Number of protein chains: 2
Amino acid sequence: MVVDSGVADADRVFHALADATRRDILTRVIRSGMSVSELARLYPMSFAAVQKHVVVLERAALVSKTRRGREQIVRGEVEALRRVARLLDGYERLWRHRAAAIEEILEEEQ
Amino acid sequence: MVVDSGVADADRVFHALADATRRDILTRVIRSGMSVSELARLYPMSFAAVQKHVVVLERAALVSKTRRGREQIVRGEVEALRRVARLLDGYERLWRHRAAAIEEILEEEQ
DNA sequence: CTAACGTACAACCACATGGTTGTAGATTCC
DNA sequence: GGAATCTACAACCATGTGGTTGTACGTTAG
């Protein structure tokens, strides 16, 4: 299937997005890079929990980390974001076209 | 957060999409409605497993079922698909804009 | 040098997930 | 009416997930 080139990728990406904390981390980190502990302070959970969320986002290639001294700066991955956008585009277009086609049929039937 | 009106919805939707079988079911039933057992025949797993996948898609409001005799016809939910498209649009635009802004900064710095 | 900080990771827990088999209720076919 | 079909759902199992605490290690600040 065209849209599913890289099924595991899609799995990882959608799974990474299926958690409100991770979506929030992602949007923050796209705005500007933040260290893991800076992120950790924002949420009502332990450092370790947030660190794990970052790992999930990392494995989905949605963020990357770069050392700055003893800190690890988390950033939204511009290239990966393009990939996701394209992935979403694929589904979106596919679904919209099909949904549109269904609507036409429904309208014709009336 | 604007894009997160309905966090649980987004959770359910992304989670529903984070499985290749469910994405395949979804694209098929958008094309044309199919009974649960027709779907079940397509995958190397039990009827019950497929039925559960359909339930997950249903809870995410991505599909709906309507009885036809003893069969239950699964269809892609046109209205819900619009909602998803809008949801994806929101993230996509948000991310693209931010990604674009980051790129500009990076280019300026060079 | 030492203390504090930032990170990584292991071990553990409760619960969700994705799969199985089995059973039972409707509906249709003959 | 009786058999076959389609669906729903419970019970069970292995594994994954999201959280915790504790520990270890590198880096920076005093």
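All of these numbers come straight from a predicted model, not from anything done at the bench. FYI, side chains are in, hydrogens and waters are out, and symmetry mates aren't considered; it's all heavy atoms of this structure. In what follows, chains carry the letters A, B, and so on, assigned in the order in which the sequence lines appear, proteins first and then strands, with residues in each chain numbered from 1.
In this structure B:R68 satisfies the side-chain hydrogen bond (donor to acceptor under 3.5 Å, both in side chains) test together with B:E71, sequence neighbours excluded. B:A60 meets the side-chain contact (heavy atoms from CB on, under 4.5 Å) test with B:R12, B:V13, B:A16, B:L62; sequence neighbours excluded. Not counting sequence neighbours, the partners of B:S64 by the side-chain hydrogen bond (donor to acceptor under 3.5 Å, both in side chains) test are B:E77. Residues satisfying the side-chain hydrogen bond (donor to acceptor under 3.5 Å, both in side chains) test with B:R67, not counting sequence neighbours, are none. By the side-chain hydrogen bond (donor to acceptor under 3.5 Å, both in side chains) test, A:R75 pairs with A:T66, sequence neighbours left out. Every side-chain contact (heavy atoms from CB on, under 4.5 Å) that B:A49 has, sequence neighbours left out, goes to B:M45, B:S46.
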Which donor-acceptor pairs under 3.5 Å do side chains of residues 50-58 of chain A form with protein atoms, sequence neighbours excluded?
from	atom 1	to	atom 2	distance (Å)
A:H53	ND1	A:R22	NH1	3.1
A:E58	OE1	A:K65	NZ	3.1

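A salt bridge does not link A:R59 with A:D9: none of the charged nitrogens is closer than 4.0 Å to a carboxylate oxygen. Checked for salt-bridge contact, A:D24 and A:R28 meet the test: a charged N lies under 4.0 Å from a carboxylate O.
One interatomic measurement links the two molecules: CZ of A:F14 to P of C:dT17, which rounds to 18 Å at whole-angstrom precision. Regarding B:I73, its CD1 atom lies at a distance of 11 Å from the P atom of D:dA8, rounded to whole Å. In this entry the distance linking CZ of A:R59 with C1' of C:dA8 reads 12 Å, nearest Å. The CZ-P distance, from B:R12 to C:dA16, rounds to 14 Å in whole Å. Rounded to a whole Å, the CZ atom of A:R41 is 10 Å from the P atom of C:dC5. As a whole-Å value, the separation of B:M34 CE from D:dT7 C1' is 16 Å.
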Query raised in the report: Along nucleotides 25-30 of chain C, 5' to 3', which nucleotides get a B, which get an S, and which get a -, given that the test is a protein heavy-atom distance under 4.0 Å?
Result: --BB--
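Close to C:dT7, at under 4.0 Å from its OP1 or OP2, lies no side-chain N or O of A:Q51.
If one axis is set at each end of the helix from C:dC1-D:dG30 to C:dC30-D:dG1 from five pairs, those axes are 20° apart, to 10°.
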For nucleotides 13-20 of chain D, give me every protein contact, N/O to N/O, under 3.5 Å, one pair per line with atom names.
from	atom 1	to	atom 2	distance (Å)
D:dG18	OP1	A:R22	NH1	3.4
D:dG18	OP1	A:R22	NH2	3.0
D:dG18	OP2	A:R22	NH1	3.3
D:dG19	OP2	A:H53	NE2	2.2
D:dG19	N7	A:K52	NZ	2.9
D:dG19	O6	A:K52	NZ	2.3
D:dT20	OP1	A:S46	N	3.3
D:dT20	OP2	A:S46	N	2.8
D:dT20	OP2	A:S46	OG	2.6

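Between B:L42 and B:M34, the closest side-chain pair of non-hydrogen atoms falls below 4.5 Å. With contacts defined as side-chain heavy-atom distances shorter than 4.5 Å, the pair B:H15/A:F14 does not qualify.
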